[in-house]
Amino acid sequence: EDKVVQSPLSLVVHEGDTVTLNCSYEVTNFRSLLWYKQEKKAPTFLFMLTSSGIEKKSGRLSSILDKKELFSILNITATQTGDSAIYLCAVESRDYKLSFGAGTTVTVRA
Amino acid sequence: DGGITQSPKYLFRKEGQNVTLSCEQNLNHDAMYWYRQDPGQGLRLIYYSQIVNDFQKGDIAEGYSVSREKKESFPLTVTSAQKNPTAFYLCASSTWTGTNTGELFFGEGSRLTVL
């Protein structure tokens, strides 16, 4: 069975801190890894990574994939209270199945 | 506006009753998905479909059924065989390229409570 493990499960930081979220996986025939942000109900897309070692950036968020070691990290720099959310990692495997991790709950305090 | 519409947003049912959750998309996406989310847990895949009249079981398909008769519609039925149906259900769609699933677009979810 495909496995996606995120760590930590939760963390609390202060505004301006940098956050690093981890996602490790064991899947059959890896196709892609995706990061989502869930604030209230519907998760919203952040990044999709398919190639190892290539960093994707969007403002204060960045992510990188290591296909050899089977993990990805999501970095958030200069955190703001609006960054408080659940961050979900998903991995696409054979048959185009997308499996999600349990998520990391990030709380940013003013 | 293009998007995914789930209904109802909130639903209560008695034990032993079947219930159907609606999911409609007007994004012209080929692939559609149903996930279940429980408190403190991530999204678990129930069923997914990449093309009309075809669908596959996910990790927790037992007690659920789906149909894909039209490209824009992917209803989920929670049957009485589902042991613990109280949960938040999310429907999603994506443009399946044949290589990757790509970005998932999610609906606002349906919260089912079994009394």
Side-chain angles (χ1 to χ4, degrees), chain A residues 1-10 21-51 56 58 63 65 67 74 85-107, chain B residues 1 3-10 21 23 25 27 29-51 54-61 87-112:
Chain A
E1 185 178 319
D2 297 335
K3 289 183 182 177
V4 181
V5 179
Q6 292 187 245
S7 63
L9 288 180
S10 65
L21 309 181
N22 303 295
C23 176
S24 63
Y25 61 90
E26 292 178 29
V27 301
T28 305
N29 294 337
F30 172 90
R31 291 184 181 273
S32 66
L33 185 145
L34 301 96
W35 284 97
Y36 285 84
K37 177 182 182 182
Q38 186 179 26
E39 292 180 82
K40 290 181 180 177
K41 292 183 178 180
T44 54
F45 173 77
L46 295 175
F47 300 110
M48 182 172 79
L49 304 119
T50 56
S51 300
K56 293 246 176 144
S58 176
S63 183
L65 172 67
K67 289 169 74 173
L74 174 69
I86 301 173
Y87 290 83
L88 297 163
C89 172
V91 177
E92 182 184 12
S93 58
R94 67 174 178 182
D95 297 332
Y96 307 98
K97 179 182 161 190
L98 263 174
S99 299
F100 280 78
T104 295
T105 301
V106 175
T107 303
Chain B
D1 286 354
I4 300 179
T5 302
Q6 288 187 241
S7 63
K9 287 187 169 50
Y10 299 93
L21 307 180
C23 179
Q25 55 101 356
L27 299 167
H29 284 170
D30 291 305
M32 296 186 74
Y33 306 80
W34 274 106
Y35 288 91
R36 168 182 172 143
Q37 188 174 31
D38 294 284
Q41 297 192 37
L43 278 61
R44 291 185 289 168
L45 182 62
I46 305 173
Y47 271 98
Y48 63 111
S49 166
Q50 281 131 5
I51 197 168
D54 188 38
F55 48 83
Q56 289 78 40
K57 292 182 179 180
D59 297 317
I60 56 165
F88 185 56
Y89 291 88
L90 281 162
C91 178
S93 70
S94 74
T95 302
W96 179 50
T97 65
T99 302
N100 296 107
T101 294
E103 176 185 349
L104 287 183
F105 293 80
F106 285 88
E108 290 294 304
S110 293
R111 189 169 296 280
L112 172 64

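By convention in this document, chain letters (A, B, ...) are assigned in the order of the sequence lines, proteins followed by strands, and residues within each chain are numbered from 1.
Contacts of Tyr36(A) with chain B are made by side-chain atoms alone, with heavy-atom separations under 4.5 Å and no backbone atom involved. Using a 4.5 Å cut-off between heavy atoms, Phe105(B) makes no contact with chain A at all. Of the atoms belonging to Leu43(B), heavy atoms from both backbone and side chain fall under 4.5 Å from chain A. Contacts between Gln6(B) and chain A at a heavy-atom distance below 4.5 Å are absent for every atom of the residue. Neither the backbone nor the side chain of Gln56(B) comes within less than 4.5 Å of any heavy atom of chain A. At a 4.5 Å heavy-atom cutoff, the contact between Gln38(A) and chain B is made by side-chain atoms alone.
Of the inter-residue distances, the one linking Glu92(A) atom CD with Ser94(B) atom OG reads 8.0 Å to the nearest 0.5 angstrom.
When all heavy atoms of Tyr35(B) and Leu98(A) are compared, the closest pair comes out as OH-O, 2.9 Å. Nearest heavy-atom pair across Leu45(B) and Lys97(A) is CD2-CG, 3.5 Å.
The shortest side-chain heavy-atom distance between Pro43(A) and Leu90(B) falls under the 4.5 Å cut-off.
For chain B, the option among Ala42(A), Gly101(A), Cys89(A) with the highest count of heavy-atom pairs below 4.5 Å is Ala42(A).
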